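Everything below concerns the one structure shown next.
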Amino acid sequence: MPDPAESPVILQVLPSLVTGGVERGTVEITQAIAEAEGVALVASAGGPMVRLVERAGGTHLTLPLASKTPWRIWRNAGLLEQIIREHRVSLVHARSRAPAWSAWLASQRTGVPFVTTYHGTYSEDLPFKRAYNAVMARSQIVIAASRFIADLVMRQHGVPEQRIRVIPRGVDPALFDPAAVSGSRIARLAEAWSLPHDAHVVMLPGRLTAWKGHGVLLDAVARLGRRNVMAVLVGSHQGRHRYAEALQRQAATLGIAEQLRLVGQCDDMPAALMLADVVVHASTQPEAFGRVVIEAQAMARPVIAADLGGPVETVRHGETGWRVPPGDAEALAGMLAHALDLDPEVRAALGARARASVPTVRAMQEATLDVYEAVLTPGEAVLTPEQP
């Protein structure tokens with residue numbers, strides 16, 4: 001491990017390392033810190049992605065940071081304070097609200113700089129919820145995943161624009177590369193998911209939760225009226241068995257039960273996306289960014305996105321995909337018909353434009369290191385990212 005006296009020590013905190021965009025971003029920044037010869041620490045309650053943190057060159061510290069109870073948040077602040085002092089942490093980067101409160105308290109006690117990434121829209125449906133969310137805006141610099149989130153932070157928390165950095169999430173163009181996916185990988189998934197050879201696949205990637213719009217897609221597929229169109233829902237139910245069962249009942253009621261595939265979590269998303277004739281983002285609530293959208297675009301897939309939140313900034317209507325009103329099954333059905341009937345040359349041109357437009361992981365990593373540098377040593381670079 002490099003000498004902390006010479007290398008900055010960055011501590012990222014988040015609830016756990018199970019699955020999701022926050023967790024993947026943590027791993028990607030761990031890699032960037034390590035490549036820049038910094039010391040990368042990650043504190044969380046643990047999970048299967050701990051091994052990815054370690055492979056990326058980081059050290060994981062297990063703390064019960066997934067808890068939202070006030071006494072645990074207070075106790076975690078003490079534990080993080082010990083870590084900051086013991087490991088001579090230079091900067092703390094918080095990625096979720098409950099851990100952020102602990103991290104903010106610890107940073108106040110130790111005088112260590114505090115940075116946040118504002119990952120979500122965060123509901124305010126309960127009393128004092130805005131005050132609870134506000135910890136994500138207490139940092140010296142707030143990283144926003146999109147312009148949409150930056151505007152939300154300014155509007156809801158009064159943060160001046162000069163304290164916000166818009167850093168979109170990115171994809172690895174080498175991993176999400178149509179040319180790098182073998183036919184055998186695609187065939188393996190098609191067989192595992194029992195997809196007919198002549199099927200047209202309409203895919204919605206994302207965990208099974210109602211606001212992701214799975215029901216809207218099923219309604220659209222039924223309205224489309226094409227028996228060879230398969231609705232493939234890729235994502236974990238995360239214990240929401242009743243919701244998965246409700247989707248199956250909806251498909252049966254609509255007469256498309258044989259056209260629905262609930263395939264669960266997929267460990268080979270590049271191959272999964274290559275199976276798709278169209279990839280759909282149908283969320284009915286605004287998302288901070290929408291990583292699955294840019295992953296599909298990187299694979300040169302035609303994308304139809306709900307016209308709200310972060311995907312508005314990554315899907316240029318008619319150029320790199322299409323946008324439809326959220327929750328509008330009829331509009332989605334019409335756009336599905338248009339996308340499925342595209343001339344092959346037009347489809348290829350749209351896919352090429354989409355792939356060329358996506359932000360990359362490397363750009364996200366470099367921009368985040370720039371934030372660390374700005375907070376740690378204004379005017380002097382202490383982390384120099386490797387060139388690709």
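This one's a predicted model, so the numbers in the text were calculated from it and none came from an experiment.
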Any donor-acceptor pair under 3.5 Å from R323 side chain to V315 backbone:
yes
Flag, side chain of E313 to backbone of F148, donor-acceptor distance under 3.5 Å
yes
How about W74: does its CH2 atom have over 12 heavy atoms from other parts shown lying under 6.0 Å from it?
no
R169 bridged to E287 by N-O distance under 4.0 Å:
no
For V280 and P205, the nearest pair of non-hydrogen atoms, with its separation, is O-CD, 3.9 Å
I want to check something: taking the side chain as every heavy atom from C-beta on, are V201 and W193 in contact at a cut-off of under 4.5 Å?
no
Say whether H93 and T117, considering side chains only, have a donor N or O and an acceptor N or O under 3.5 Å apart.
yes
Closer than 3.5 angstrom, by distance alone: can the side chain of N133 be matched with the main-chain N or O of R97 as a donor-acceptor pair?
no
Quick one: do F289 and I294 satisfy side chain to side chain contact (heavy atoms under 4.5 Å, CB included)? Show the steps, please.
CA-CA 9 Å; F289 184 72; I294 62 168; 3.4 Å; yes
Can any side-chain N or O of Q140 pair as donor or acceptor with the backbone N or O of F114 at less than 3.5 Å?
yes
How far apart are the C-alpha atoms of I33 and Y372, what are their side-chain angles, what is the distance that settles it, and do they pass the side chain to side chain contact (heavy atoms under 4.5 Å, CB included) test?
CA-CA 10 Å; I33 295 167; Y372 294 165; 4.0 Å; yes
Under 4.5 Å between side-chain heavy atoms, hopping through other hydrophobics if needed: is there a path connecting L247 to V263?
no
For E345, does the CD atom have more than 12 heavy-atom neighbours from other residues, nucleotides or ligands under 6.0 Å away?
no
Tell me whether R301 contacts the main-chain N or O of A276 through its side chain, where contact means a donor paired with an acceptor under 3.5 Å.
yes
Backbone of T121 reached by a side-chain donor or acceptor of Q285 within 3.5 Å
no
Identify which one of L260, L195, L275, L189 satisfies the side chain to side chain contact (heavy atoms under 4.5 Å, CB included) criterion when paired with V232.
L195
Does Q108 have more than 12 heavy atoms from other residues, nucleotides or ligands lying within 6.0 Å of its CD?
yes
Would you check if the side chain of S283 reaches a backbone N or O of P286 as a donor-acceptor pair within less than 3.5 Å?
no
Keeping the roles fixed (side chain from T110, backbone from E81), state whether a donor-acceptor pair exists under 3.5 Å.
no
Output every pair passing salt bridge (Lys or Arg N to Asp or Glu O under 4.0 Å) with a member in residues 154-168, not counting sequence neighbours, ordered by first then second residue.
R147-E161
With a sphere of 6.0 Å drawn around CD of Q248, does it hold more than 12 non-hydrogen atoms of other residues, nucleotides or ligands?
yes
Any side-chain heavy atom of V27 sitting closer than 4.5 Å to one from Q31?
no
Under the side-chain contact (heavy atoms from CB on, under 4.5 Å) test, which residues partner A98, sequence neighbours left out?
K68, I73, Y132
Does a side-chain heavy-atom distance below 4.5 Å link M49 with E54?
no
More than 12 heavy atoms of other residues, nucleotides or ligands under 6.0 Å from CZ of R75: yes or no?
no
Answer yes or no: is there a donor N or O on one side and an acceptor on the other, between the side chain of T284 and the main chain of W211, under 3.5 Å?
yes
Would you confirm whether E28, through its side chain, and Q365, through its main-chain N or O, come within 3.5 Å as a donor-acceptor pair?
no
Pairing donors with acceptors under 3.5 angstrom, does anything connect the side chains of R95 and T26?
yes
